[in-house]
Visitor: 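Below is the structure I would like to discuss, written out as structure tokens.
Convention: sequence-line order gives letters A, B, ...; per-chain numbering from 1. For clarity, every value in this text was computed on a predicted model and none was experimentally measured. Below, each value reflects all heavy atoms present in this structure, side chains not excepted, and no hydrogens, waters or symmetry copies.
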Amino acid sequence: MSSIALIDIAKSWGDSTALHAVNLQIEPGSFCVLLGPSGCGKSTTLRILAGLESATAGRVLIDGRDVTTLPPAQRGIAMVFQNYALFPHLSVADNITFGLSVRKVPAAETALRLRNAADLLGLGALLERRPGQLSGGQQQRVALGRALVAQARVCLMDEPLSNLDAQLRQDMRRELRELQRQLGLTVVYVTHDQAEAMSMADQVVLLHQGRVEQAGMPRDLYARPATTFSARFIGTPPMNLVALESGRIAGSDADTGMQAATLGVRPEAIVLDPQGMPAEVQSVEYLGADLVIACRIGSQTVLVRTDGRHHAESGDQVGLRWALEDAHGFDAVGKRIH
Amino acid sequence: MSSIALIDIAKSWGDSTALHAVNLQIEPGSFCVLLGPSGCGKSTTLRILAGLESATAGRVLIDGRDVTTLPPAQRGIAMVFQNYALFPHLSVADNITFGLSVRKVPAAETALRLRNAADLLGLGALLERRPGQLSGGQQQRVALGRALVAQARVCLMDEPLSNLDAQLRQDMRRELRELQRQLGLTVVYVTHDQAEAMSMADQVVLLHQGRVEQAGMPRDLYARPATTFSARFIGTPPMNLVALESGRIAGSDADTGMQAATLGVRPEAIVLDPQGMPAEVQSVEYLGADLVIACRIGSQTVLVRTDGRHHAESGDQVGLRWALEDAHGFDAVGKRIH
Amino acid sequence: QTPVEVQFYYPVAVGGPIAKIIDGFAAGFMKENPGIKVTPIYAGTYQETIVKALTAHKSGTPPVTSVLLSTDMFTLIDEDAIVPFDDFAKTADDKAWLGGFYKAFMMNSQTGGKTWGIPFQRSTVVMYWNKELFKEAGLDPNKAPANWAELKDAAAKLTRKDASGKVTQWGVQIPSSGFPYWLFQTLTTPNDAILANEAGTAVKFDDPKVVEALQYWVDLGKAGVHPPGVVEWGTTPKDFFEKKAAIIYTTTGNLTNIKANAKFDFGVGMIPANKRKGSPTGGGNFYIFKKATPAQQEASFKFIKWITQPERAAQWSIDTGYVAVSPAAYETDALRKYGRDFPAALVARDQLPFSVAEFSTHDNQRVTKALNDGLQAALTGTKPPAQAMQDSQKEADRILRTFK
Amino acid sequence: MNAATQRLAFNEPTWIDTIAAWLLALLWILPLAYAVWTAFHPAEYSTRFALAAPLTLDNFRRAWEAAPFARYFLNTTLLVAMVLAAQLVLGTLAAYAFARYEFKGRNVAFALVLVQLMVMPDILLVENYKTMARLGLVDTLVAIGLPYFASAFAIFLLRQTFMGIPKELDEAARVEGASAMQTLWRVYVPLARPVYTAFALVSISFHWNNFLWPLIITNSVNARPLTVGLQVFSSVDQGVDWSVITAATLMTSAPLLIAFLLFQRQFVQSFMRAGIK
Amino acid sequence: MRPRAIHAWLMLLPALVLLVAFTHWPAISTLIDSFFSTPKGKRPGVWVGLENYEAMVGDPVFWKAVRNNLWFAGATIPTSIALALVMALWVNERIAGRAFLRMAYFTPTVLPMIAVANIWLFFYTPQYGLLEQITGALGLPSHNWLGSPSTALGAVTVVAIWKEAGFFMIFYLAALQTLNPSLREAAAIEGASRWYFFRRVQWPLLMPTTLFVLVNAFINAFRMVDHLFVLTRGGPDNASILLLYHLYEVGFSFWDTAYASTITVVLVAVLAAIALFQFFVLDKRVHYK
Ligand SMILES: Nc1ncnc2c1ncn2[C@@H]1O[C@H](COP(=O)(O)OP(=O)(O)OP(=O)(O)O)[C@@H](O)[C@H]1O
Ligand SMILES: Nc1ncnc2c1ncn2[C@@H]1O[C@H](COP(=O)(O)OP(=O)(O)OP(=O)(O)O)[C@@H](O)[C@H]1O
Ligand SMILES: [Mg+2]
Ligand SMILES: [Mg+2]
């Protein structure tokens with residue numbers, strides 16, 4: 001089990017700065033998920049951790065040891081690259097066992113690990129293929145396999161499941177989590193999938209424009225977003241942020257009884273209740289299990305998530321209601337006040 | 001607006017067969033989503049449609065015209081590649097406008113389309129960069145941009161949003177759908193994201209091992225899966241498939257009143273009700289808005305999706321209930337019976 | 001006692017199994033002289049051989065002896081690479097041997113009263129003519145043109161054109177690529193001009209007789225009986241076989257080749273005379289290198305003397321087509337018989353009394369190039385002959401300045 | 001992605017290209033074609049192209065007998081193999097250092113390497129002869145090869161190639177714990193295969209045909225390469241005997257031509273981004 | 001020094017040692033020789049300063065060689081590179097008889113120059129040479145290609161182009177094989193013509209190879225003289241003389257080693273300056289990640 005610390009890490013390429021003084025503490029044996037919009041610096045953070053990119057400033061500690069200038073091979077890490085980076089000239093089997101053969105792991109052990117990984121990832125029938133003969137998802141699984149067999153103490157994964165179907169992803173998540181617990185791996189995991197972040201993470205780190213916006217347990221981030229950015233970023237559909245004018249929803253008389261610049265309320269926290277706040281249905285999105293209804297109150301639009309078997313049509317008049325504890329208040333600069 | 005038809009399309013590489021006699025009819029101006037597990041042949045279908053891969057058998061019609069042997073350029077298509085296929089030596093702007101300059105679109109028009117696409121995709125500040133200087137998601141957006149500015153009548157997209165964060169993906173979906181409607185594009189879209197498939201598609205085609213498993217409107221696929229495969233593939237968490245022994249859930253006395261080999265019921269259709277079928281909580285997964293509880297009845301495990309604010313612990317005794325119309329019956333080979 | 005080892009570089013400049021013959025000689029010599037081990041080393045063309053020899057010399061490990069062009073004598077002396085033979089010729093027998101070579105060959109082998117080279121594979125330029133074409137042109141096939149006037153005359157008759165006026169057969173062809181100066185000597189010598197002095201320190205390119213000789217050559221071209229421009233040496237025999245040229249000037253070394261490949265009756269004759277008869281000699285001499293040990297030098301002297309004995313010289317001549325280097329060789333039974341069966345082989349010998357040294361001076365190649373450039377300039381019409389020769393003379397004077 | 005095996009014909013040569021390519025090829029192969037014609041016919045057909053010309057192997061017999069070609073073949077094969085092996089090893093190491101390492105003096109070092117391209121080896125004959133004499137290597141195969149072991153041409157070529165290898169793969173290998181040497185050997189070298197093939201073909205051809213230096217530095221049949229044997233026929237004192245030259249040429253070049261036909265199959269799409277998104 | 005730098009130097013070491021021993025060291029001694037007179041036999045070379053350089057400036061043959069060489073370079077470099085590219089583009093694709101075409105283009109590299117030059121000699125021979133047989137059949141007048149000053153240089157240039165194009169073809173071919181085929185697909189979707197695809201995609205991505213080829217073509221234009229020894233020997237009257245040939249004459253015929261060193265020094269210095277300029281200026285622009 002390895003702990004990881006990033007201390008004041010910054011990274012720029014010429015004028016463009018990808019990371020500004022990122023600080024991060026990851027407990028040994030924990031599963032840390034990096035979350036954030038595209039281009040916020042997740043991969044860069046991972047690559048600095050791996051030693052593939054040199055930080056412009058700051059230090060990287062693994063197990064308390066300063067590894068800032070150490071080459072990747074000496075950091076005891078495994079990594080799944082966002083772009084897979086498979087060796088095109090090697091078969092799937094050789095790709096997966098590349099690291100093992102480099103480290104001269106005995107043949108029997110290698111074969112065992114390969115078989116396990118291939119079974120886990122459903123690659124058993126493809127071991128002789130070259131990467132060029134695989135589908136996108138299969139390539140991604142090979143990349144994942146390569147990192148798994150390494151059994152490094154620290155495993156960095158950059159969107160390792162993004163090209164897999166829901167089913168498989170679901171299975172993989174479970175397996176990964178299990179593996180991580182079993183082997184006591186410290187995992188740093190980049191994803192843009194909320195569900196993934198929520199279900200897997202011990203700690204979620206939300207990055208925004210090269211800064212840590214909020215870090216904490218998943219439930220905390222969901223239940224108590226520290227900023228409007230956090231609030232909107234986590235949850236699908238995102239939290240409704242409604243502009244208030246002295247406690248009333250802007251452009252309406254609906255009083256929320258809140259002293260805040262912005263009111264936040266999650267779509268799934270809103271119930272349709274004819275006695276609730278009057279609103280008009282603007283549009284409806286069908287998502288299978290759920291229906292997402294966009295409703296208008298005053299000048300604001302509020303999304304409501306409800307059961308997929310519901311029927312609603314644009315123009316319908318509905319009432320909205322939510323519990324007080326589901327209402328979040330933010331100040332003018334987007335900071336949580338209550 | 002262009003219609004598309006695939007007639008008995010098959011594709012093999014040596015021994016391995018990616019597609020077996022695929023038949024597909026896509027209405028002009030419609031949005032067709034290809035869905036299916038990794039490696040099922042989605043990309044291959046798209047590439048055959050594009051003329052990048054030659055089908056081993058069968059014909060491709062676009063607008064009724066047989067284009068089976070036509071080169072890609074003459075098919076009037078645009079495409080987002082699963083692996084992006086960006087030109088590494090060209091700037092983002094040049095990548096996006098590559099096709100326009102091929103077709104000698106006037107400079108003003110080119111600039112306009114570029115600006116629109118860049119705005120839409122949030123690439124405005126990156127136009128001078130090379131692909132190598134972009135994050136994964138940014139690269140994907142460039143690939144998307146290149147297809148969008150082409151304004152071809154048929155647009156093929158291979159997991160165009162897989163590397164974007166939820167927020168952006170949400171926005172992009174909406175924009176894409178709007179653009180498609182506005183321009184009357186015929187879109188064939190590969191995704192592994194259920195929500196995407198459900199919310200965007202006019203028609204969903206579910207592929208399985210190189211065959212069309214089921215094709216239809218999203219709601220149909222969700223509401224009336226034709227096979228157990230469809231049933232499990234669509235919906236997250238997937239539909240519970242419970243083995244029945246003469247109407248009872250295997251290993252228990254719980255009578256479902258169903259004459260089927262397998263009973264299907266969606267996790268979101270199950271309500272926790274102390275009066276319901278008795279079950280024991282095995283594990284709990286927290287997903288922010290939702291909580292997924294795995295419960296045991298007899299020898300079977302049933303997932304239940306419930307409100308994220310619920311609390312449940314492994315070992316709790318609960319009762320499960322569902323409406324009769326939410327129960328699906330399948331025969332021994334997995335075909336729907338009612 | 002270990003035998004004295006004699007490394008011996010030799011070039012191959014003609015076809016045939018030269019290497020085998022040389023190896024045979026070496027083996028024969030070693031049988032008679034068990035204390036000496038001769039190692040013949042093939043060293044490419046003449047040019048490559050001297051490059052190899054001098055490179056080795058400059059690195060301190062030259063061969064003991066080598067066959068190199070007779071014209072390289074001054075170069076080798078200037079490089080201080082060789083020793084004269086006089087030092088080794090101590091006995092009367094040796095001296096007699098030294099005196100036994102044709103005078104024409106010794107002209108290139110001696111300077112300053114010393115003998116630096118021993119003639120070995122020597123040749124001279126002769127004229128070959130196609131008897132069939134002579135017959136067709138109404139000329140006597142057995143009588144070769146003997147002087148310039150006859151040559152020009154015959155050439156005119158032998159030149160054929162096709163309907164479009166394109167020449168299909170040239171009357172005479174004197175090659176001028178590579179070493180035009182040598183062929184030029186077949187014109188200057190009959191015009192009674194000698195191009196260089198014996199010491200190799202002065203040349204006479206602007207001598208009116210030289211210019212006149214050049215003018216004659218150029219005029220042959222202008223008259224349309226000789227191909228225009230520079231004529232390739234290497235293809236000249238082929239031109240002859242192909243009946244594209246009725247008369248050619250080329251080396252006696254070509255005799256075997258022409259005999260084998262000409263599908264018609266041909267004649268070999270002396271170079272046509274003008275004021276006198278004459279032709280330059282050519283080919284290679286033995287040299288002994290200075291950096292070899294005295295024992296090696298002695299051994300090589302022995303070998304050279306052995307290999308140039310009349311029987312061997314005769315054999316060498318028959319096998320290769322080179323001219324035998326001494327009158328005695330022509331007196332051997334073998335060569336006599338050969339001469340009887342193939343009289344053409346004796347033309348070179350008969351021409352030798354009139355032959356002169358191949359052009360050679362100090363800083364030889366550079367002076368030669370000055371002459372070659374002038375000749376080619378005149379032949380291609382870039383410069384009038386007199387002008388060309390004056391320019392060459394000036395350049396040569398400049399080069400030879402330091403040797404005066 | 002899944003491209004390599006089967007592709008539709010788009011942007012591929014048209015029949016016009018095919019014709020043009022063939023015309024150019026016929027032009028290019030003309031000397032070889034001429035060599036074949038001449039070598040297999042009696043000398044009088046060396047300039048005449050009559051269909052009825054009789055075939056003969058006599059030219060080959062004459063050529064074969066003129067020098068100890070069997071031994072020369074052996075020497076040349078050993079020489080070429082030795083030189084190629086050394087060039088590849090040294091060139092690969094140096095190219096990798098130039099392509100993937102940042103260090104002080106890199107540009108100067110590279111300039112020094114490039115200088116070899118401009119310095120013509122023949123100019124260095126005398127000096128190099130002296131060196132070989134000092135090393136006691138004169139008249140050995142090693143002496144022929146040694147000055148060519150470090151090839152600026154190889155280093156330059158491989159450097160260019162290595163620079164084009166996706167950095168992602170280098171990174172992946174390093175993360176997997178591969179040392180620089182392992183990365184080089186297991187990632188760079190296999191990916192650069194077509195370029196290695198190209199270089200090998202060129203280097204083999206060059207050293208198979210190299211003449212002046214081998215002639216000068218060797219004396220005995222035991223150390224001499226084929227070209228020394230071939231040169232016997234190029235003496236122009238007697239004029240060019242095309243029949244035997246071409247026969248000798250075909251005889252000595254045939255292994256190269258066959259090797260080329262076999263090796264050219266190595267030029268297969270080995271594109272380097274197949275596993276990279 | 002940082003460990004990575006040490007590592008790098010270690011990898012360079014074997015090559016550098018050999019280069020120094022067999023290139024740089026002799027090159028430096030050549031440089032030194034150029035300031036001395038040619039040693040002749042017992043007379044050792046003496047310091048003459050720049051005298052050799054002055055002699056070179058006054059040597060008309062040298063200047064003739066320079067002019068010829070510039071012309072030769074101007075003709076061979078662009079032509080052979082262009083042809084090499086076209087050939088490589090062809091034989092990179094599935095074209096009928098691909099193996100044969102590849103071999104045909106590569107023959108100039110395989111065949112020994114000694115023999116090849118003699119074959120070209122036949123091609124150029126007046127009256128019955130191949131060229132004459134063809135032009136004769138077309139009713140054109142006979143011409144002595146190698147023997148007239150106006151065509152000799154052109155004739156040797158053609159041989160050089162023949163040799164170089166096939167040589168460079170192989171490197172372009174190898175480079176083309178490593179291009180990402182996805183790009184071709186993307187371009188095909190966008191409707192790019194072959195020319196457009198070449199111009200916008202293949203050509204820029206081949207730049208590292210082009211740089212390599214360019215530097216070599218440039219140097220070869222001053223180094224390729226083998227065929228001259230057989231074809232024209234620089235003649236007639238220096239009409240086809242090239243610098244290196246002149247250098248050979250001076251060095252190995254005239255044995256004027258000091259003057260040969262002088263020409264070598266100038267030639268190498270100029271070539272190095274231009275080649276290194278090409279390299280260091282272009283190199284930054286040709287590599288894309
Ligand atoms: N060049 C090839 N040679 C052999 N098999 C191939 C080749 N390309 C693809 N395949 C196989 O064909 C099948 C279909 O591939 P395809 O790329 O269409 O899958 P996909 O549905 O797009 O999967 P994913 O969601 O993982 O991208 C896969 O099993 C794949 O391994
Ligand atoms: N080589 C580079 N030069 C300049 N800017 C770069 C370079 N590499 C990345 N960037 C920029 O740095 C920022 C962070 O990139 P990074 O790859 O870390 O994003 P990310 O969070 O992984 O995004 P994504 O989810 O899209 O993969 C991006 O804005 C990107 O454009
Ligand atoms: Mg990223
Ligand atoms: Mg795919």
Visitor: Measuring heavy-atom distances to chain E, does D:Tyr196 have an atom under 4.5 Å in its side chain, in its backbone, in both, or in neither?
Guide: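 It is neither, since no heavy atom gets under 4.5 Å.
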
Visitor: Check whether E:Val215 gets within reach of chain D through its side chain, its backbone, both or neither, counting any heavy atom under 4.5 Å.
Guide: side chain

Visitor: In terms of heavy-atom proximity below 4.5 Å to chain E, should D:Ala180 be classed as side chain, backbone, both, or neither?
Guide: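 Just its side chain gets close to chain E.
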
Visitor: Rounded to the nearest 0.5 Å, what's the gap from OG on D:Ser205 to CG on E:Leu111? Could you check?
Guide: 9.0 Å

Visitor: Hey, does the side chain of D:Ser203 reach the backbone of D:Phe199 with a donor-acceptor pair shorter than 3.5 angstrom?
Guide: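 Such a contact is absent between D:Ser203 side chain and D:Phe199 backbone.
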
Visitor: Once rounded to the nearest 0.5 Å, what's the spacing between atom CG of E:Leu13 and atom CD1 of E:Ile6?
Guide: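 Atom-to-atom, E:Leu13:CG and E:Ile6:CD1 are 12.5 Å apart.
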
Visitor: Hey, is CZ on D:Phe206 packed in by over 12 heavy atoms from elsewhere, all under 6.0 Å?
Guide: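 Yes, the 6.0 Å shell around CZ holds more than 12 heavy atoms from other groups.
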
Visitor: Go through the atoms of D:Thr197 and report whether side chain, backbone, both or neither lie under 4.5 Å from a heavy atom of chain E.
Guide: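 Neither part; nothing is under 4.5 Å.
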
Visitor: Rounded to the nearest 0.5 Å, what's the gap from CG on D:Leu93 to CG on E:Leu10? Could you check?
Guide: 10.0 Å

Visitor: Please classify the contact of E:Ser29 with chain D as side chain, backbone, both or neither, using a heavy-atom distance under 4.5 Å.
Guide: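 Just the side chain, heavy atoms under 4.5 Å.
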
Visitor: Using a 4.5 angstrom heavy-atom cutoff, name the option from D:Ala21, D:Ala150, D:Ala109, D:Ala86 with the most pairs to chain E.
Guide: D:Ala21

Visitor: Answer with side chain, backbone, both or neither: which region of D:Trp242 has an atom nearer than 4.5 Å to a non-hydrogen atom of chain E?
Guide: side chain

Visitor: Given a strict heavy-atom distance threshold of 4.5 Å, which part of D:Leu201 is in contact with chain E: side chain, backbone, both, or neither?
Guide: both

Visitor: Relative to chain E, which segment of D:Leu146 carries a heavy atom at a distance below 4.5 Å: side chain, backbone, both, or neither?
Guide: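 Contact with chain E involves both backbone and side-chain atoms of D:Leu146.
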
Visitor: If I measure from the heavy atoms of chain E, does D:Leu261 come under 4.5 Å with its side chain, its backbone, both, or neither?
Guide: side chain

Visitor: Under 4.5 Å from any heavy atom of chain E, what part of D:Thr246 do you find: side chain, backbone, both or neither?
Guide: side chain

Visitor: Quick one: what part of D:Phe153 sits under 4.5 Å from any heavy atom of chain E, side chain, backbone, both or neither?
Guide: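 Both backbone and side chain.
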
Visitor: Give the member of D:Leu230, D:Ile155, D:Leu157, D:Leu226 that has the highest number of heavy-atom pairs under 4.5 Å with chain E.
Guide: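 Option with the top pair count is D:Leu157.
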
Visitor: Using heavy-atom distances under 4.5 Å, tell me whether D:Leu212 contacts chain E through its side chain, its backbone, both, or neither.
Guide: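 For D:Leu212, neither part sits under 4.5 Å from chain E.
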
Visitor: Heavy-atom distances under 4.5 Å only: say whether D:Arg100 touches chain E with side chain, backbone, both or neither.
Guide: backbone

Visitor: Need one label for D:Lys104: side chain, backbone, both or neither, based on atoms under 4.5 Å from any heavy atom in chain E.
Guide: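 Just its backbone gets close to chain E.
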
Visitor: What option among E:Leu271, E:Leu121, E:Leu19, E:Val17 has the most heavy-atom pairs under 4.5 Å with chain D?
Guide: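 That would be E:Leu19.
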
Visitor: Who pairs with E:Trp25 by ring-ring contact (aromatic ring centres under 6.0 Å, His included), at least two apart in sequence or on another chain?
Guide: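 Result, ring-ring contact (aromatic ring centres under 6.0 Å, His included) vs E:Trp25: none returned.
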
Visitor: Identify which part of D:Trp22 has an atom lying under 4.5 Å from any heavy atom of chain E, answering side chain, backbone, both or neither.
Guide: both

Visitor: Checking heavy atoms, do the side chain of D:Phe260, its backbone, both or neither come under 4.5 Å from chain E?
Guide: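 For D:Phe260, the contact with chain E is made by the side chain alone.
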
Visitor: Name the region of E:Phe123, side chain, backbone, both or neither, that has any atom closer than 4.5 Å to a heavy atom of chain D.
Guide: side chain

Visitor: E:Arg102: what forms a salt bridge (charged side-chain N to carboxylate O under 4.0 Å, His left out) with it, not counting sequence neighbours?
Guide: none

Visitor: With chain E, which of D:Val89, D:Thr252, D:Asn107, D:Ile204 has the greatest number of heavy-atom pairs at distances under 4.5 Å?
Guide: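 Top count of heavy-atom pairs under 4.5 Å with chain E: D:Asn107.
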
Visitor: Establish, from distance only, whether the side-chain atoms of E:Asp33 and E:Thr30 form a donor-acceptor pair under 3.5 Å.
Guide: no

Visitor: Of all of D:Thr38, D:Val195, D:Thr18, D:Leu184, which one pairs up most often with chain E through heavy atoms under 4.5 Å apart?
Guide: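 Heavy-atom pair counts peak at D:Thr18.
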
Visitor: Identify which of D:Leu117, D:Thr161, D:Val126, D:Thr227 forms the greatest number of heavy-atom pairs closer than 4.5 Å to chain E.
Guide: D:Leu117

Visitor: Under a 4.5 Å cutoff for heavy-atom pairs, which residue among D:Asn210, D:Leu250, D:Leu257 has the most contacts with chain E?
Guide: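 Most heavy-atom pairs under 4.5 Å with chain E: D:Leu257.
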
